[in-house]
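Model, not experiment: these values are computed from the prediction. Chain identifiers are assigned alphabetically (A, B, ...) following the order of the sequence lines, protein sequences preceding nucleic acid strands; residue numbering begins at 1 within each chain.
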2 protein chains.
Amino acid sequence: MKSALRTRLAEKMAGEITLSASPGEAMKKWRLAFNIAPGVLADELNFSPSVISDYEGGRRKNPGTAVVGKIVDSILSIDEANGGRHIRKFAKILYNDFDPDVIYDMHDYNMPVPLTRFCSAIACTHLVGPVDQQIYGYTVVNSENAILQLSANEFNRIYGWSTERALIFTNVSTGKSPMIAIRVTPIQTALRDSPGNLP
Amino acid sequence: MKSALRTRLAEKMAGEITLSASPGEAMKKWRLAFNIAPGVLADELNFSPSVISDYEGGRRKNPGTAVVGKIVDSILSIDEANGGRHIRKFAKILYNDFDPDVIYDMHDYNMPVPLTRFCSAIACTHLVGPVDQQIYGYTVVNSENAILQLSANEFNRIYGWSTERALIFTNVSTGKSPMIAIRVTPIQTALRDSPGNLP
DNA sequence: AGGGCATTTCGGCATTCAACGACATTCTTC
DNA sequence: GAAGAATGTCGTTGAATGCCGAAATGCCCT
């Protein structure tokens with residue numbers, strides 16, 4: 001029997017694909033979110049790879065439920081066979097009731113990670129604030145969608161399990177959204193006393 | 001723009017239908033859950049009523065995403081036009097993270113309702129305990145699925161907003177599940193001092 | 001019992017899907 | 001920059017969908 005989490009995630013994926021104006025794009029989005037190559041997916045399905053392309057490219061605009069179901073299931077099976085990393089990630093986000101378009105990833109370490117190590121892992125440049133700190137997790141946020149979809153007090157929840165974490169904002173244009181996240185929460189940020197220094 | 005709740009519910013419905021081994025039956029289940037007649041649904045869709053029958057009866061075993069989407073949307077639109085009672089009900093259940101197969105309905109009144117009035121409304125027979133009480137809501141639970149799917153502390157959540165409520169157990173065979181619900185929660189029940197009197 | 005309604009069954013037809021495989025194109029990787 | 005692998009495009013085929021309307025069935029009512 002499949003886990004309840006897997007079932008719920010499958011339902012969400014299938015629902016999104018089914019309701020999408022272009023199911024093909026939605027399928028592609030999920031395949032990419034799980035970081036699966038078209039060929040691998042085709043293999044799992046015992047399909048010719050071109051079939052995947054046909055769907056994702058939109059040649060079949062109105063795929064049947066059976067196909068959608070098979071594809072969703074295969075994506076999840078592949079991930080499960082690889083340790084289920086993405087399933088866990090999405091499960092967590094779903095469980096916290098977030099749209100995966102807002103929170104791309106959220107993770108909590110079970111041990112403190114030095115900021116320097118984290119920084120070098122994601123190849124980022126340190127600009128302000130103290131370096132000798134530890135973090136316990138991170139959240140990757142789509143700035144634009146966060147502004148559009150999150151209410152002020154929902155912003156809080158991007159802090160996940162531990163608030164001592166890195167917040168990674170993608171899609172930043174004017175820099176508005178990170179500032180909102182920082183100002184809107186009662187939580188202290190490491191930058192609190194020098195926000196004016198941000199580039 | 002459609003409300004976030006409606007969207008989420010639509011996604012759940014579409015997902016369930018799409019993943020179901022018989023999409024037709026799943027469609028029917030939802031139509032019935034929203035208490036909508038086939039003819040009315042067909043009307044909203046500008047379809048001939050026979051189409052609904054064809055799908056629900058399984059003649060078309062593998063409907064395309066477009067059809068599923070249209071049907072889900074129509075069901076929701078009809079309910080919305082009628083005040084959105086069912087949408088609110090399901091939204092609440094989804095929001096509390098319950099499977100609609102476990103909790104059939106959950107409602108909280110905004111004013112106390114005398115037990116006698118509630119009793120006569122659902123035509124039930126009073127067996128034990130005091131009659132002169134007020135309740136603030138009710139929950140309809142599928143006993144069997146509740147036992148199978150709920151963990152001990154999840155049982156708590158059937159109490160909803162107010163704990164002074166009627167719990168209605170359906171599908172009761174041995175009477176086990178109501179007893180579990182009563183024993184497992186720290187909440188006082190009106191029957192606490194005379195459970196032995198239950199028939 | 002029988003008229004009136006809602007629903008299901010079913011034959012039919014145009015359209016589209018499901019899937020393949022051949023071919024063109026775009027990455028990799030050396 | 002060229003060989004090889006992975007993807008994408010496309011023509012093709014049988015099968016199934018999407019939808020209708022006519023006829024059959026079931027259901028309520030007085």
Side-chain angles (χ1 to χ4, degrees), chain A residues 10 13-75 77-79 81-82, chain B residues 10 13-79 81-82 86:
Chain A
M13 292 166 70
E16 213 178 291
I17 292 170
T18 300
L19 296 180
S20 164
S22 79
E25 273 175 43
M27 283 178 190
K28 185 170 188 173
K29 174 189 134 178
W30 282 105
R31 180 176 59 72
L32 292 174
F34 278 80
N35 204 27
I36 295 169
V40 177
L41 181 56
D43 239 40
E44 171 79 21
L45 284 159
N46 285 326
F47 280 178
S48 155
S50 66
V51 177
I52 305 293
S53 262
D54 279 348
Y55 285 116
E56 292 188 355
R59 197 148 85 116
R60 294 285 101 74
K61 323 180 171 183
N62 189 21
T65 53
V67 181
V68 176
K70 273 194 241 170
I71 290 184
V72 167
D73 195 60
S74 295
I75 289 179
S77 290
I78 293 172
D79 192 60
N82 291 334
Chain B
M13 293 167 68
E16 213 178 290
I17 292 170
T18 300
L19 295 181
S20 164
S22 81
E25 272 174 44
M27 282 180 191
K28 186 169 187 174
K29 171 188 137 177
W30 282 105
R31 180 176 61 71
L32 292 175
F34 278 80
N35 203 27
I36 295 170
V40 177
L41 182 55
D43 238 41
E44 171 80 21
L45 285 158
N46 285 325
F47 279 179
S48 155
S50 65
V51 177
I52 306 293
S53 248
D54 278 349
Y55 287 118
E56 293 188 354
R59 194 150 84 119
R60 298 281 112 80
K61 335 185 163 182
N62 189 20
T65 55
V67 182
V68 176
K70 274 194 239 170
I71 289 183
V72 166
D73 195 60
S74 294
I75 289 179
L76 294 174
S77 289
I78 292 172
D79 192 61
N82 291 332
H86 296 90

Using the side-chain heavy atoms of [X], tell me which of these nucleotides is nearest: [options].
X     : options                : answer
A:N62 : D:dC20, C:dA18, C:dC17 : C:dC17
B:A37 : C:dA22, C:dA19, C:dT7  : C:dT7
A:S50 : D:dC20, C:dA22, D:dT17 : C:dA22
A:S53 : C:dA18, D:dT7, C:dC20  : D:dT7
B:V51 : D:dC19, C:dT7, C:dT9   : D:dC19

* Report yes if at least one side-chain N or O of B:K61 is closer than 4.0 Å to OP1 or OP2 of D:dA15; otherwise report no. =>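 Answer no for this pair, as no side-chain N or O of B:K61 is under 4.0 Å from OP1 or OP2.
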* Contact class for B:A66 vs. all strands (heavy atom < 4.0 Å): base, sugar-phosphate, or nothing? ->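 Nothing: the residue B:A66, judged by heavy atoms under 4.0 Å, touches no strand.
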* Relative to the 5' end of DNA chain C, which residue comes earlier, B:V40 or B:R59, by the nucleotide with the nearest heavy atom? ->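 Upstream on the strand: B:V40.
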* Asked: Hey, which of these two, A:Y55 or B:E56, hits DNA chain C nearer its 5' end, going by closest nucleotide?
  -> B:E56
* Asked: So which heavy atom on A:K61 is nearest to which on B:T65, and how close?
  ->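 Looks like O-OG1, 4.2 Å.
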* Asked: Looking at CG of B:L32 and CG of B:N35, how far apart are the two atoms once the value is rounded to the nearest 0.5 Å?
  -> 8.0 Å
* Asked: Tell me, do A:E25 and A:S20 make a side-chain contact under 4.5 Å, heavy atoms counted?
  -> no
